[in-house]
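Chain letters run A, B, ... following the sequence lines, proteins first, then strands; residues in each count from 1.
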Protein chains: 2
Amino acid sequence: MFTLSEENYLKAIYHLQTISRKGISTNSIAKKLKTKASSVTDMIKKLADKKVLVYKKYQGVTLTDLGNQIATGVIRKHRLWEVFLVDKLNFSWDEVHDVAEQLEHIKSPKLINELDAFLGFPKTDPHGDPIPDKDGEFQKIEKRLLSTIEPSQLGVCIGVKDSSSEFLKYLDKYQISLGQQIKVISKEPFDDSLTILIHDKEITISQKIANNIYIQS
Amino acid sequence: MFTLSEENYLKAIYHLQTISRKGISTNSIAKKLKTKASSVTDMIKKLADKKVLVYKKYQGVTLTDLGNQIATGVIRKHRLWEVFLVDKLNFSWDEVHDVAEQLEHIKSPKLINELDAFLGFPKTDPHGDPIPDKDGEFQKIEKRLLSTIEPSQLGVCIGVKDSSSEFLKYLDKYQISLGQQIKVISKEPFDDSLTILIHDKEITISQKIANNIYIQS
DNA sequence: TTAATTTTTTAGATAAGACTAAAAATATTT
DNA sequence: AAATATTTTTAGTCTTATCTAAAAAATTAA
Ligand SMILES: [Mn+2]
Ligand SMILES: [Mn+2]
Ligand SMILES: [Mn+2]
Ligand SMILES: [Mn+2]
């Protein structure tokens with residue numbers, strides 16, 4: 001059995017691995033979890049003892065199959081709870097994360113599988129992220145950042161890279177939501193800002209914004 | 001803000017107060033929480049500092065208004081989650097308690113109030129216990145133990161005193177459930193066992209069983 | 001009203017998880 | 001290759017929530 005803290009470490013390492021696929025450094029884990037490197041060293045030793053990751057001093061860590069399994073299990077719970085909050089309890093997509101951070105640690109296989117069924121086996125969460133099934137499997141969604149799309153091309157918003165409340169509220173303000181069609185009108189060479197067509201209206205967004213919106217094209 | 005452990009102490013003390021209304025002893029808290037008296041002494045000092053209970057050495061403790069408020073808040077969450085599990089996720093009444101023990105500590109006022117609305121503002125949980133409303137108010141349900149009912153009288157099962165899985169499964173076996181009409185046929189003077197009529201069938205139950213079923217008559 | 005028993009508190013220890021400061025190893029510059 | 005900078009680990013401390021053993025207070029019995 002794994003503690004709340006251990007589960008958070010595993011989830012953080014899992015997410016870091018999807019970006020870099022090298023050994024994950026102590027410092028990067030510390031940064032992600034807003035803790036200190038020395039705390040991370042302590043914890044990864046414990047996790048190595050529990051066979052959920054491989055650790056060699058100064059070499060960073062890699063999750064084992066067991067470690068990946070536990071991490072995806074926690075992510076499955078996090079995302080299913082997010083769907084529940086939005087679909088059933090009138091939460092908006094910028095309100096769900098903190099509550100899901102708590103709910104993801106509830107231990108009950110029956111609970112999570114019944115919740116999955118109750119929600120109709122959703123494939124993605126309110127931010128467009130894929131939900132692992134009971135066996136931890138999920139298909140990778142084909143997506144690119146809006147910032148990589150060339151002028152005159154168009155696509156559909158299917159996800160966000162940043163799911164902070166601030167960013168999501170920005171998107172709400174401009175009515176940018178999942179499933180929304182977006183056409184890139186032009187790109188400003190000086191600052192890479194984009195003028196896009198959405199809801200039949202032209203708006204200009206910074207490159208930082210465009211860098212956090214996923215598009216299927 | 002209160003920790004999981006502090007919340008569990010407050011809940012335990014609250015429950016003990018509904019039975020005895022005297023100062024609650026260190027030992028009784030220890031027994032209820034399956035911990036040691038010395039641990040209880042440590043914790044109640046901390047809780048007294050936080051103004052949720054009044055503590056004088058060797059005198060036991062009493063919850064303050066704030067303490068009662070926090071305790072009923074946790075109980076509200078526990079019972080609402082139990083309703084959710086039974087009504088929406090196909091749990092049976094003997095499966096919900098352990099999961100609710102975890103869920104009751106999730107912190108989010110919006111979550112619990114939306115859940116309440118989603119469930120249709122239920123007044124009682126799957127074991128017949130009343131659910132406090134947003135302000136901590138709930139009406140006391142008029143009830144007596146089945147063991148106190150005289151032969152030839154009849155009533156409706158509206159709650160259970162023991163909600164352990166073992167006891168609830170026993171009730172399931174004999175199809176004794178909430179809302180069920182029960183008529184007491186006779187009482188055996190030797191061991192106070194009862195012969196009752198339920199579902200048009202006569203069954204005999206021990207005094208221990210009858211002592212854990214609440215009846216409205 | 002003493003004496004024995006039970007309850008409660010205190011003292012000291014432990015484990016988890018975090019922190020700071022310093023040492024050791026690795027990586028980057030000159 | 002040596003010097004410097006960065007990263008990682010170690011050592012020691014702190015807090016929370018436990019525990020055991022012993023001391024103190026309160027209760028019950030003789
Ligand atoms: Mn989230
Ligand atoms: Mn999400
Ligand atoms: Mn319960
Ligand atoms: Mn209940």
### Summary
In whole angstroms, the gap separating C1' of D:dT10 from NZ of A:Lys36 amounts to 17 Å

### Query
Can you check the A:Ile29 CD1 to D:dT7 C1' distance for me, whole Å?
13 Å

### Task
Report the distance from atom CG of A:Asp42 to atom P of D:dA11, rounded to the nearest whole Å.
11 Å

### Task
Please figure out whether B:Lys56 or A:Tyr58 has its closest DNA chain C nucleotide nearer the 5' end.
B:Lys56

### Message
Can you measure B:Met43 atom CE to C:dT9 atom C1' for me and round it to whole angstrom units?
### Response
17 Å

### Task
Would you please confirm or rule out a distance under 4.0 Å between OP1 or OP2 of C:dA25 and any side-chain N or O of A:Lys57?
no

### Task
Using whole Å, report how far CD of B:Glu6 lies from P of D:dT15.
15 Å

### Task
Would you please confirm or rule out a distance under 4.0 Å between OP1 or OP2 of C:dT9 and any side-chain N or O of B:Tyr55?
yes

### Message
If you compare every side-chain N and O of B:Lys45 against the phosphate oxygens of C:dT10 (OP1, OP2), does one of them come in below 4.0 Å?
### Response
yes

### Task
Using whole Å, report how far NZ of A:Lys31 lies from P of D:dT8.
12 Å

### Query
With respect to the phosphate group of D:dT6, does any side-chain polar atom (N or O) of A:Asn27 fall under 4.0 Å of OP1 or OP2?
no

### Query
Is any side-chain nitrogen or oxygen of A:Ser39 closer than 4.0 Å to OP1 or OP2 of C:dA18?
no

### Message
At 4.0 Å (heavy atoms only), tell me whether B:Thr26 reaches a base, stays on the sugar-phosphate, or touches nothing.
### Response
sugar-phosphate

### Message
What is the separation between atom NZ on A:Lys50 and atom C1' on C:dA16, rounded to the nearest whole Å?
### Response
11 Å

### Task
Using the six-membered ring wherever Trp is involved, compare the ring planes of B:Phe84 and B:Phe118 and label them parallel, tilted or perpendicular (cut-offs 30° and 60°).
tilted

### Message
Please determine whether the number of non-hydrogen atoms from other residues, nucleotides or ligands lying under 6.0 Å from atom CG of A:Asp65 exceeds 12.
### Response
no

### Query
For the side chain of B:Ser38 and the base of D:dT20, is some donor closer than 3.5 Å to an acceptor across the two?
yes

### Query
Within a reach of under 6.0 Å around NZ of B:Lys134, are more than 12 heavy atoms found that belong to other residues, nucleotides or ligands?
no

### Message
Within the 4.0 Å heavy-atom criterion, would you say B:Ser5 contacts the bases, only the backbone, or no part of the nucleic acid?
### Response
sugar-phosphate

### Message
With a sphere of 6.0 Å drawn around NZ of B:Lys208, does it hold more than 12 non-hydrogen atoms of other residues, nucleotides or ligands?
### Response
no

### Message
Please determine whether the number of non-hydrogen atoms from other residues, nucleotides or ligands lying under 6.0 Å from atom NZ of B:Lys107 exceeds 12.
### Response
yes

### Task
Could you tell me the separation between the CG atom of B:Asp49 and the P atom of D:dT16, rounded to a whole number of Å?
11 Å

